Participant: 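Before we start, here is the structure in question, set down as structure tokens.
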Amino acid sequence: WFSVANVGCGGRAGRSLARSLSHRRPTVRLSVAMAAAQAAQAELEAALLTAHNLPHTERLIRQHVEQVDGADFTVPEFEEGLEWINTDGPLHLHTDLSGKVVVLDFFTYCCINCMHLLPDLHALEQKYSHEDGLVVVGVHSAKFPNEKVLENIQSAILRYNITHPVVNDADANLWHELQVTCWPTLVILGPRGNRLFTLMGEGHREKLFSFISVTLKYYKEKGKIKDQGIKLKLYKDSLPPSSLLFLGKIAVDNSTGNLAIADSGHHRILVIGKHGQVRYSIGGKKSGWKDGSILEATFNSPQGILMKDNIIYVADTENHAIRKIDLTTEKVSTIAGTGVQGTDKEGGKTGVKQSISSPWDLAFGSIGHAEHSLLFIAMAGTHQIWVIFLEDGKLPGGTEYKKGTCVRFAGNGHEENRNNSYPRKSGFAQPSGLCVAPREWNCLFVADSESSTIRSVSLKDGAVKNLVGGERDPMNLFAFGDRDGIGLNAKLQHPLGVAWNEKTKLLYVADSYNHKIKVINPKTKHCTTLAGTGKASNVIGPNFKQATFNEPGDVCVGENGNVLYIADTNNHQIKVLDLERETVSVLPVTFADAVDSSQSIKPKKASRLPKSAVSVQQTPLVVSPCQTLQFRLKIELPEGAKLTEGAPSFWALWAEDHEWLFVGQKIDGEIVNLENEIVFVVPAQVQTNELVLSIDVCLYFCNINDKKCQMKGISFKQPLEFSSTCEEIISTVDLPFNF
């Protein structure tokens, strides 16, 4: 009746964590209770295999709930002092959540299988509210040391749009007490904190919904469900917007110097010039899956990206699809994937007939002399490397395939760090970065994130080998660290990006969880730190070793091998490393004159000021249609303060319920100094006699004396009264404020 699950981030990996931590083991009473609960569920699982139809299934689930409801399977209270996100403060299982059916989602934010589970939880929360009696609580039990840090978990919650409470189980104490052994694991509790069900891995959507439906009905009939809400305080509501958000991958078109960027958090693709001017903005800012005109196409958390001339290929990760953008025809199409997660680990079909799972990066390959005739895919969801044939051809030692065919190239589909001369017997662990090294190497380099290794795949015979990181045991996915060295002696922590530099003959790595950029000599397997200190922050310079990053997600070689472009993901920036001068700078991204699909249909409010923002009332103005207003910032910072370079200070325009006012206009932008002018043109066709225009300003500044830094918001309220005559005149309006 229920589909078979794909147990995730490896049950083996979870058991390894359980063995590696030794503190706060469950009590004898709790251990006995857990064993009894597991035995009861095993009986239920066996019975469900014989269920004839849905009523029979629901009857078996209800019998199980009645059985375990009478047992003492109550789980312990959350520890005091834990860090909570998306709430006003700590939640208590036996008071705040009393009278609720609670789903505890044990996850770690790097895990692709945990990501696959989030749409199921989101759909469940859409169907059943807190008032209906359901509460989902994320329990973040980290795999990597970097994932224990609160700020990093907060960034992940923003990236994945998690809106339920999350607790940081940094020491995995709750994980151990409930005898959890793999990511993800769902533990479903009754209204008195009593354990009812456990679901391990992904792929249990139907079973999850049936368990919750029957459980809520049972306890409502018993009068045990309370309809009070849970006080949420979403972390995302406390932050101002950013022009870039959680960047994925970067690609360079060497013929034009243009860059293509996966602005993943905004669900869009940006095409920018080498100096940062945006030429196309395709998709965003809400997720979707739609082909057609670049003004209407939508994406869902795209990651991987490639660009050549006017063609862009996109790994549209959460749509589980590969998309093609043709800038000449201004059309977007899907060349692989169905829009939903697939479980196929072999492939062989074409276009939207072939389902795939969480593609994360792309790389061009060649068949003979046919350059760029292959499109390699880091298929993170099935832990494999796939390929799309852009022309008829075959793989090393393989069969002939027709153009458009999407098929497995390497990886057995099990999550492991297994090297093998036969590509389909090798094993990967969430491959997340790809690049091709031609000529003497003729191989594909892979950033295999969950094994913390860099691997090579021969394009001659398909042999998979270790380059650096990890260890010889293919089942050990915990051989991570931060150590320069040779081969297995070098240690990485969840690398996400790789880039081959044909000029230097070196391989560059985005060592994400070490917040570093590293460089590898493939001949010697020597891996060293190029840039970064190992601490997550946002220092621009003055040199490579003093610059800092925050979970960089990609590295890309540009300007004929002279620079590296870094997707500094959690800093929402593109950093530029000049390899000759050893300098670091931020690429200033500007949106003037861009073809912007998100603005061409209907302007949307861009500003979200901090709640402490000051409101300033301006003197009313009488303006004419066609008139240009130049707003000048006249803001005095506190004595000794100056704007923070590289921080996302911004301005934004809005007038509630008057979207017509901004059609075709730039409604937000970065503030790089306090001499910024904000230009606004009154439309020729005015739809009201008067309104209030909000000019929102958010500033980041630091005091050069005491080094204290602040973020302050100001909302200038400018009343406008419209005359009837169109006058093409320019007027200057000052916006004064003194801190």
Side-chain angles (χ1 to χ4, degrees), residues 1-2 26-78 91-106 120-121 124-125 127-137 139 164-165 174-181 185-200 204-230:
W1 178 250
F2 294 103
T27 62
V28 173
R29 184 201 65 78
L30 188 59
S31 294
V32 172
M34 294 299 107
Q38 290 165 5
Q41 182 155 343
E43 291 181 10
L44 171 64
E45 300 287 356
L48 288 175
L49 295 175
T50 66
H52 306 302
N53 50 39
L54 182 59
H56 188 192
T57 296
E58 292 180 342
R59 190 161 59 251
L60 290 171
I61 295 172
R62 184 182 178 97
Q63 290 171 358
H64 169 82
V65 174
E66 290 173 342
Q67 175 189 350
V68 298
D69 186 44
D72 185 15
F73 294 165
T74 304
V75 304
E77 185 59 83
F78 296 120
L91 293 181
H92 297 89
L93 187 61
H94 300 299
T95 53
D96 302 309
L97 300 178
S98 175
K100 303 292 186 185
V101 173
V102 178
V103 178
L104 299 178
D105 172 28
F106 285 86
D120 295 352
L121 295 178
L124 190 69
E125 292 175 288
K127 185 171 184 178
Y128 302 108
S129 67
H130 294 170
E131 289 72 20
D132 293 327
L134 176 74
V135 177
V136 177
V137 176
V139 182
H164 52 249
L174 189 57
W175 166 289
H176 285 308
E177 286 190 331
L178 299 191
Q179 298 182 13
V180 177
T181 58
T185 292
L186 300 180
V187 176
I188 302 173
L189 308 178
R192 65 175 192 279
N194 49 314
R195 186 168 184 160
L196 301 175
F197 308 97
T198 300
L199 293 172
M200 297 169 61
H204 298 292
R205 183 181 178 120
E206 290 182 58
K207 188 179 290 187
L208 171 64
F209 273 68
S210 292
F211 284 178
I212 296 301
S213 172
V214 172
T215 301
L216 285 172
K217 183 178 180 181
Y218 172 80
Y219 282 113
K220 282 180 180 178
E221 291 174 358
K222 295 280 187 180
K224 300 289 182 66
I225 296 296
K226 299 178 183 178
D227 61 3
Q228 84 275 10
I230 303 297

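The structure displayed is predicted, hence computed values, not measured ones.
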Participant: Please walk me through it: do Ile212 and Val101 pass side-chain contact (heavy atoms from CB on, under 4.5 Å)?
Facilitator: CA-CA 8 Å; Ile212 296 301; Val101 173; 4.1 Å; yes
Participant: Test your reading of the model: is there a side-chain donor-acceptor pair from Arg192 to the backbone of Asp69, 3.5 Å cut-off?
Facilitator: yes
Participant: If you look at every heavy atom in Glu77 and Leu91, which pair is closest and at what distance?
Facilitator: OE2-O, 4.5 Å
Participant: Should the pair Lys100-Asp132 be classified as a salt bridge under the 4.0 Å nitrogen-to-oxygen rule?
Facilitator: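 Asp132 and Lys100: not salt-bridged.
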Participant: Is Glu131 reaching over with its side chain to a backbone N or O of Asp227, donor-acceptor style, under 3.5 angstrom?
Facilitator: no
Participant: To the closest 0.5 Å, what do you measure between CZ (Phe106) and CE (Met200)?
Facilitator: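 One finds 12.0 Å between CZ of Phe106 and CE of Met200.
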Participant: Could you walk me through whether Val137 and Leu93 satisfy the side-chain contact (heavy atoms from CB on, under 4.5 Å) test, starting with their C-alpha distance in whole Å, then the side-chain angles of each, then the deciding distance to 0.1 Å, before giving a yes or no?
Facilitator: CA-CA 10 Å; Val137 176; Leu93 187 61; over 6 Å; no
Participant: For Gly133 versus Ile225, what's the shortest heavy-atom pair and its separation?
Facilitator: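 In terms of heavy atoms, the two residues are closest at CA-CG2, 3.7 Å.
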Participant: Is there a side-chain contact between Leu196 and Leu189, using heavy atoms and a 4.5 Å cut-off?
Facilitator: no
Participant: Would you say the ring centroid of His64 lies under 6.0 angstrom from that of Phe211?
Facilitator: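 His64 vs Phe211: aromatic centres not under 6.0 Å.
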Participant: Decide yes or no for Phe209 and Leu124: does some side-chain heavy atom of the first lie under 4.5 Å from some side-chain heavy atom of the second?
Facilitator: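 Answer yes - side chains close enough.
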Participant: I'd like to check Thr198 versus Gln41 (side-chain heavy atoms, cut-off strictly below 4.5 Å). Are they in contact?
Facilitator: yes
Participant: Kindly write out the residues that satisfy side chain to side chain contact (heavy atoms under 4.5 Å, CB included) with Glu43, not counting sequence neighbours, or none if the list is empty.
Facilitator: Gln67
Participant: Which distance, rounded to the nearest 0.5 Å, do you find between the NZ of Lys224 and the OH of Tyr218?
Facilitator: 7.0 Å
Participant: Going through the distances and angles, do His92 and Leu97 end up as a side-chain contact (heavy atoms from CB on, under 4.5 Å)?
Facilitator: CA-CA 6 Å; His92 297 89; Leu97 300 178; over 6 Å; no
Participant: Is Arg62 salt-bridged to Glu58, cutoff N-O under 4.0 Å?
Facilitator: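 No, this pair does not count.
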Participant: Working to the nearest 0.5 Å, report the span between OG of Ser213 and CG of Leu208.
Facilitator: 11.0 Å
Participant: Using side-chain contact (heavy atoms from CB on, under 4.5 Å), reason through Leu199 and Lys207 one step at a time and then give a plain yes or no.
Facilitator: CA-CA 9 Å; Leu199 293 172; Lys207 188 179 290 187; 3.6 Å; yes
Participant: With a 4.5 Å limit on heavy-atom distance, are the side chains of Leu186 and Leu104 in contact?
Facilitator: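 No, every pair of side-chain atoms sits at 4.5 Å or beyond.
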Participant: Closest heavy-atom contact between Gln228 and Asp96?
Facilitator: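 Smallest heavy-atom distance, with atoms named: NE2-O, 3.6 Å.
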